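One structure below.
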Amino acid sequence: MIELEKAYDPKEAEKNHYERWESSGFFAPEINEDPHAKPFSIVIPPPNVTGSLHMGHALQHTIMDVLTRWKRMQGYRTLWLPGTDHAGISVQRKVVEQLRRDENKKPLDIGREEFIRRAWAWKEQYGNTITEQMRREGASVDWSRHRFTMDESLSTAVRSVFVRLYDEGWIYRGLRIVNWCPKDKTVLSDLEVKEETRKDGKLYYLRYPVAGSDSTITVATTRPETMLGDMAVAVSPSDKRYKELVGKTIDLPLTSRQIPIVADEYVDAEFGTGAVKITPAHDPNDYLVGQRHNLEQQLVMNDDATMNSAAGAEFGGMDRFAAREKVVAMFDELGLLEKIEDHEITLPVCERCKTIVEPILSEQWFVKMDQMRDLALDLMREEGAPRFSPQIPNEKVYTTWLENLKDWTISRQLWWGHQIPAWYDDDGNVFVAMTESEAREKAGGKDIRQDQDVLDTWFSSGLWAFSTFGWDGEATSTPDIETFLPTDVLVTGRDIIFLWVSRMIMLTRKFTGKKAFNDVVVTGTVLGKDGKPMSKSRNNGVDPIEMFDKFGVDATRIYLASIATGADIKWNDIGVETYRNFANKIWNATRFCLMNCENAAVDRASLLIGDDAALADRWIVSRLNKTAIDVSRALERYEFHTAVSLLYHFFWDDFCDWYIELKKDEITAGDAAASTRIVTIIEIALRMLHPFMPYLTEELWQKLPGTGSTLHHAAYRSAGQTIMLTSFPPGDAAAIDETAESEMSAVIDLIKKVRNIRSEMNISPSIKFTIHIAATVDHQAVFNANKAQILKLARADKLIIAADLDVPKASAKAVTGEASIAVPLEGLIDFEKERERLRIQIAKLTEEKSRIDGQLSNSNFVDRAPSEKVRELRDRQVELSSQIETLTANIAALE
RNA sequence: GCCGUCUUAGCUCAGUGGUAGAGCACUCGCUUCACACGCGAUAGGCCACAAGUUCAAAUCUUGUAGACGGCACCA
């Protein structure tokens, strides 16, 4: 006899299996021995090397692992490819900080080469936190195919793509207003800039003197310091107030410069004073106005957002906000400050460091997005690809974003990353090439030096779907590309659909001609207990590792899978606790069977039962198959929560609460057939649960008698024994037995009614009583056949089944759809209480009946509703009438 | 400003054109030989509000209110 601990210990199971799974090669597609096996592939959204596992990862990894394990069990050649992202800015910042802390040095003190060497060292030392955590999660990724975005092959891919896009004119270098982060000292793409609303913002009204007159023109601004770079004041061409002033000149205060007043459609006469200061080098709109009026572009800030020398001697070196105060103070002194108004403003901030981003004019590299966008839009229009789950609202958000796409700033002023493969000669000519020697060749042997910038991290991750399979520009097709591209599904969060998903779709199409993936599963956000996104600053984060320690990996996983696809959810520990309890339930159900299975072993044949088998057996086999079919259907639709709910209720309600209880006597008596069957049912249930709860199911499966590689899917016959390579139960529609299901519900209804009588009449569970049942001949047969089970579960000692009830007055009564029930309770019954109990039941049934009566007396309903629906209601009406009649008579009998 | 999502039991959430569901909490029982991380039995909802479509609306449409998200703009 196998003895299990009384309660499931997740930690024990968690340490027993992962290493063997991994070292046995179970995760790699090569484990599949079937040369004709269909492929199934997922590439992981590569987490940052600086990252550690958060709840969003845990959610996405769970879904990817469920899909991967499920497909693997279905015999697919399955690959879930893991990897990490070099995370340009994040790693750079870590290394800068380390350098400052340990040696009090700045990057420039040690130089680029040494800095990069240290960044690699940092990555080697700290960069595998998350991959170790993924092992704890049970992620069945193929570690032999692990990729890093700065691997040699992936770096070659980056250069190949850059060179080719440049040669085709899809990448260009140009002077534009860009988002500048003064703290990170790099340009950012539009997507890396977030907004922050400041209620304490101010709108400053500054008076500019008109040259050669006493009059002034007032402009309103939220950034007074930029006036030092003003090149004009613009007014609306249709604004009569300023008509006379257009063409005149302004003596720009605090400077010795004169600037024109121009008329431009950009200006909205209704807003502010109707006059706008124009700073072409520090504002995107002003830049465009400047171009239309041939204005000079003068930067007045340095890369750390201090004012530069062009701002004037008084301001040079001063921080932008100090300069703002000083400008305002000086205007005030000059009597040129009209007023200051409170004005709520939204400021652009750096997504990572929250520093206020400064729009500045700068020369950067860009990807032209017009044709690139069409690659993705055409795919959606022509093939409806990718298919988003949930489709609403993701498909529309994605499409709309594409339609309004602007060019993508791809250069970054960092050292850690893929250095841009562009070289310059002394005259500023550009040579883009795979290597320096190629570039020199293009330059005719002249001295050249490489662009100092690196590429946006998302540029390399945009290639992830194919660069990870060995594409590097030279090798453009590899066995893995042939087999695994397009990948089947991408699982990711909403926040990176634009940053990553869309770019991967375009770049994969462009360079391989293939789709990156067929489907996209968009997960929701796991919010903190306060309903806000988890963040360090809010301190509302929940650490998945803590949950693993507290409730177990499996409980955490299946809880995460129980969240509706795409829905946001507030975290609550109780949800995980529910599934911790579920894990314990599974453990104990198995434990019970193992305690009584000396003569048993898993045997599929034990479930091939005929119509003559016991009702409970026919019923559970039916329920098992129905559940299997429904679970597979749910997974195919990416409705993980539906699958979880089906499994939870099948296992707990059907199997534990009813089947085990019904079979208990046979099992404990050592009935070999019963033990074999129940062990076989558990084995199949464990397989269905395995993708969600890999550790628990493997732990128990290994203990079940008769399990082994003979149960493996045909594609994995030579592999060492493991539940993860058994076949996922497909369910057999022919095994669904509607007769058994309806007969069983008649039995269950009956038992529940008797239990209700016991509970409401306050009869102690230890008291056994007699049950009288009146039913049709057919149902009499059903109840007779299950007499022993009814007696046991209703805690009765005698069952009298007949066509009519023949009982003493002192009886408690009830009705089901199939039976009238009476329990004689001489001396135990409280007549008034019993009458009240019956009245409540009658009231409920009457309420339902009057609703149905109403519907059936509505000729519109009878004429127009589907006839089946009408018949259904008529049947119900008859049943209700009869039940009400019986209960009413029961009350009368008590008077 | 534009686009979109959400509002269901005390809490956290499923669900659906045709009798409102789960888990937890609550109430009442239970040392029933797998499990108290358990077993049994109750109670608890005009499915945010209003109008419309329909034989039928919690579900579809429109509007209102509240919560939230994305994008754009912000002199």
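Order of the sequence lines fixes the chain letters, A, B, ..., with proteins taken first and strands second; residue numbering starts at 1 for each chain. What you are looking at is a predicted structure, and each value in this text was computed from that prediction instead of being measured.
- Residue A/V267 is in base contact, counting any heavy-atom pair closer than 4.0 Å across all strands shown.
- Across the protein-nucleic acid pair, A/E577 atom CD and B/C35 atom P stand 19 Å apart, rounded to whole Å.
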Per-nucleotide protein contact along nucleotides 18-33 of chain B, 5' to 3', at a 4.0 Å heavy-atom cut-off (B base, S sugar-phosphate only, - neither), is BB--SSS-----S-B-

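- To the nearest whole angstrom, the two C1' atoms, one in B/G17 and one in B/A57, are 6 Å apart.
- Each side chain to side chain donor-acceptor pair (under 3.5 Å) pair with one or both residues in residues 648-664 of chain A, not counting sequence neighbours, appears once here: A/D617-A/Y659, A/D617-A/K663, A/R623-A/D654, A/H649-A/D653, A/E661-A/K664, A/K663-A/E666.
- For the P atoms, the distance linking B/G45 with B/C6 amounts to 26 Å, nearest Å.
- Distance noted for atom C1' between B/G38 and B/C24: 15 Å (whole Å).
- A donor-acceptor pair shorter than 3.5 Å can be found between the side chains of A/D230 and A/T279.
- Every residue two or more places apart in sequence or in another chain was checked for a ring pair (Phe, Tyr, Trp, His ring centres under 6.0 Å) with A/Y287, and none qualifies.
- Between B/C39 and A/K585, a contact under 4.0 Å exists linking OP1 or OP2 to a side-chain N or O.
- Atom pair A/D9:CG and B/C37:P shows a separation of 15 Å (rounding to whole Å applied).
- Rounded to the nearest Å, the gap between the C1' atom of B/C74 and that of B/U5 is 25 Å.
- Ion pairing of A/R292 with A/E265 is absent here, as no side-chain N (NZ or NE/NH1/NH2) approaches a carboxylate O to less than 4.0 Å.
- Salt bridge status for A/D9 with A/K11: absent, with no side-chain N to carboxylate O gap under 4.0 Å.
- B/C26 and B/A9 have their C1' atoms separated by 12 Å, given to the nearest Å.
- Of all heavy-atom pairs between A/D568 and A/R494, the closest is OD1-NH2, 2.7 Å.
- Residue A/K532 is out of contact with every strand shown, counting any heavy-atom pair closer than 4.0 Å.
- The same atom, C1', is picked in B/G44 and in B/C28; the two are 15 Å apart, to the nearest Å.
- Across all strands, A/D568 comes closer than 4.0 Å to no nucleic acid atom at all (heavy-atom distances).
- Classification of A/E358 and A/R320 as a salt-bridged pair holds, one side-chain N sitting under 4.0 Å from a carboxylate O.
- The separation of B/U8 from B/C49, taken at their P atoms, amounts to 10 Å, rounded to a whole angstrom.
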Please produce a list of atom pairs where a protein N or O lies less than 3.5 Å from an N or O of nucleotides 4-6 of chain B.
unit_1	atom_1	unit_2	atom_2	d
B/G4	OP1	A/K396	NZ	2.7

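- The pair A/E699-A/K703 meets the salt-bridge criterion, with a side-chain N (NZ, NE, NH1 or NH2) lying under 4.0 Å from an Asp/Glu carboxylate O.
- For B/C37, the base has a donor-acceptor partner in the side chain of A/R580 [N/O atoms by modelled type, under 3.5 angstrom].
- A salt bridge between A/K550 and A/D573 is present, with a side-chain N of the basic residue lying under 4.0 Å from a carboxylate O of the acidic one.
- Note on A/N588: every side-chain N or O is 4.0 Å or more away from OP1 and OP2 of B/G38.
- Nearest heavy atoms, A/P348 versus A/V193: CB-CG1, 3.6 Å.
- With pairs defined as Watson-Crick or G-U wobble and both atom distances under 3.5 Å, the stems of at least three pairs that touch RNA chain B come out as B:1-7 with B:65-71, B:10-13 with B:21-24, B:27-30 with B:38-41, B:48-52 with B:60-64.
- Across all non-hydrogen atoms, the minimal contact from A/M231 to A/L295 is O-CD2, 3.6 Å.
- When distances run from any side-chain atom of A/H641 to the nucleotides B/C73, B/G15, B/A34, the shortest one goes to B/G15.
- Taking every side-chain heavy atom of A/K6 into account, B/C35 is the closest of B/G40, B/C35, B/C74.
- Residue-level contact check: A/F582 touches neither bases nor backbone, having no heavy atom under 4.0 Å from any strand.
- Between A/K752 and A/D749 there is no salt bridge, since no side-chain N of the basic residue sits under 4.0 Å from a carboxylate O of the acidic one.
- Counting non-hydrogen atoms under 4.0 angstrom, A/E270 reaches nothing in the nucleic acid.
- A/A567 comes within 4.0 angstrom of the backbone, heavy atoms only, and of no base.
- Comparing A/D657 and A/I840 by the nucleotide of RNA chain B that holds the closest heavy atom to each, the one mapping nearer the 5' end is A/D657.
- At the heavy-atom level, A/I569 lies under 4.0 Å from the strands shown only through sugar-phosphate atoms.
- Taking the side chain to side chain donor-acceptor pair (under 3.5 Å) definition, one finds that A/T523 meets it with A/Q60, sequence neighbours left out.
- In terms of polar N and O atoms assigned as donor or acceptor, the side chain of A/E639 never comes within less than 3.5 Å of the base of B/A14 in a complementary pairing.
- With P as the reference atom, B/U32 and B/G40 are 14 Å apart, rounded to whole Å.
- In this structure, A/K844 and A/T222 both approach RNA chain B, and ranking their closest nucleotides by distance from the 5' end singles out A/K844.
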